[in-house]
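Below you'll find the structure, written out as structure tokens, and then a few comments.
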Amino acid sequence: RGGGSLEDLWEFNDEALARAIAACPIPVVSAVGHEVDFTIADFAADHRAPTPSAGAEILTAGYTDLRERVLEDLHRLERTTRTQIRDMQQRITALLNSHSLRRPEMRLREFQQRTDLAMERLPRIITQRTERIRMRLERLGGSLEGHNPALILSKGYAIIRRDGDGRVYTEAAKLKKNMRLDIELRDGRRTAIVTDDEADDLFA
């Protein structure tokens, strides 16, 4: 969420919320308020982001960094393998041109065959490793997509905000009679009015 007054952010000072964050087995990034806003939830979280947008960057940076490191490792592997094969070919060529080793041609022919076989296998090895890396990146991308708010809304959920200041509500007990609400659904937004303090029939 964005910043707000002390009253708007007070729910993030709740003891039960702080204990739930501290006990959560999944790392928690807090992104409440702006840089000057601090709440107890910030100190209970594993990491505090100064703004909501900074929190989003922290959560997605790991995926991008991992992808770049994997691609760098793949390119390094390819360069190293090609260098080793080239060195082997040069050594074989030098041996073939050596006067003292011109007779044992069968031994040198065996080395040449091994080199040729390595060159034939190199593209297949690179393709296989590239495919494994691609599948891993797809799994990581799918995991991130599963937390996409738009995907959650498409399953029938909605985000309830107070009309005017955008405060998000997750508990019916906090909704007051005649309060105007902004409801975000999969395909758009609608405005509603709370008609019952007991939350038996919330929307007109």
Side-chain angles (χ1 to χ4, degrees), residues 1-73 133 136-194 196-200 202-203:
R1 58 162 292 129
S5 65
L6 180 62
E7 292 77 10
D8 290 337
L9 299 176
W10 192 253
E11 60 191 9
F12 295 97
N13 292 320
D14 183 69
E15 178 182 355
L17 174 62
R19 291 184 178 276
I21 293 175
C24 182
I26 301 174
V28 176
V29 176
S30 67
V32 180
H34 294 305
E35 294 185 7
V36 297
D37 299 319
F38 279 86
T39 65
I40 293 177
D42 293 322
F43 297 100
D46 297 274
H47 186 82
R48 176 188 180 271
T51 62
S53 58
E57 292 175 359
I58 291 171
L59 292 175
T60 57
Y63 171 79
T64 303
D65 293 343
L66 175 61
R67 181 178 183 274
E68 293 178 353
R69 289 201 302 268
V70 169
L71 292 177
E72 289 176 358
D73 291 341
I133 292 171
R136 183 179 181 187
L137 291 175
E138 286 182 354
R139 288 195 297 270
L140 289 173
S143 178
L144 290 175
E145 181 63 23
H147 294 82
N148 187 343
L151 180 62
I152 296 175
L153 291 177
S154 69
K155 295 180 179 179
Y157 295 94
I159 300 177
I160 308 298
R161 297 184 177 89
R162 185 165 61 187
D163 188 31
D165 61 6
R167 178 179 180 180
V168 176
Y169 285 88
T170 59
E171 300 178 29
K174 293 185 178 182
L175 300 176
K176 305 302 182 182
K177 189 174 183 179
N178 296 326
M179 182 183 293
R180 292 180 60 85
L181 302 176
D182 175 61
I183 304 175
E184 182 177 352
L185 302 167
R186 176 183 61 82
D187 58 348
R189 296 173 178 268
R190 291 292 185 272
T191 300
I193 300 177
V194 179
D196 192 333
D197 264 338
E198 300 299 324
D200 291 330
L202 292 179
F203 308 116

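In what follows, every heavy atom counts, from backbone to side chain, and hydrogens, waters and symmetry copies are set aside. Residue indices begin at 1 and follow the sequence shown.
Each of Arg167, Arg161, Arg162 was scored for a side chain to side chain donor-acceptor pair (under 3.5 Å) with Asp165, with one residue passing: Arg162.
Of all the heavy atoms in Ala31 and Gly55, the pair that sits closest is CB-CA, 4.4 Å. What you find for Ala49 and Val29 is that their closest heavy atoms are CB-CG1, 4.2 Å. Scanning all heavy atoms of the two residues, the minimum distance from Met179 to Lys174 falls at CE-O, 4.2 Å. Heavy atoms only, all atoms of each residue included: Ile40 and Asn13 are closest at N-OD1, 2.9 Å.
In terms of modelled atom types and a separation under 3.5 Å, the side chain of Asp73 and the main chain of Val70 share no donor-acceptor contact.
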All N/O donor-acceptor pairs, side-chain side in residues 15-26, below 3.5 Å, sequence neighbours left out:
{"residue": "Glu15", "atom": "OE2", "partner": "Arg19", "partner atom": "NE", "Å": "3.0"}
{"residue": "Glu15", "atom": "OE2", "partner": "Arg19", "partner atom": "NH2", "Å": "3.1"}

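Separating the CD1 atom in Ile133 from the CZ atom in Arg69 is a distance of 12.5 Å, to the nearest 0.5 Å.
Annotation: side chain of Leu181 is not in contact with side chain of Asp163 (no heavy-atom distance under 4.5 Å). For the pair Thr191/Arg180, a side-chain contact is recorded, criterion being any heavy-atom separation below 4.5 Å from C-beta on.
Glu72 meets the salt bridge (charged side-chain N to carboxylate O under 4.0 Å, His left out) test with no other residue; sequence neighbours excluded.
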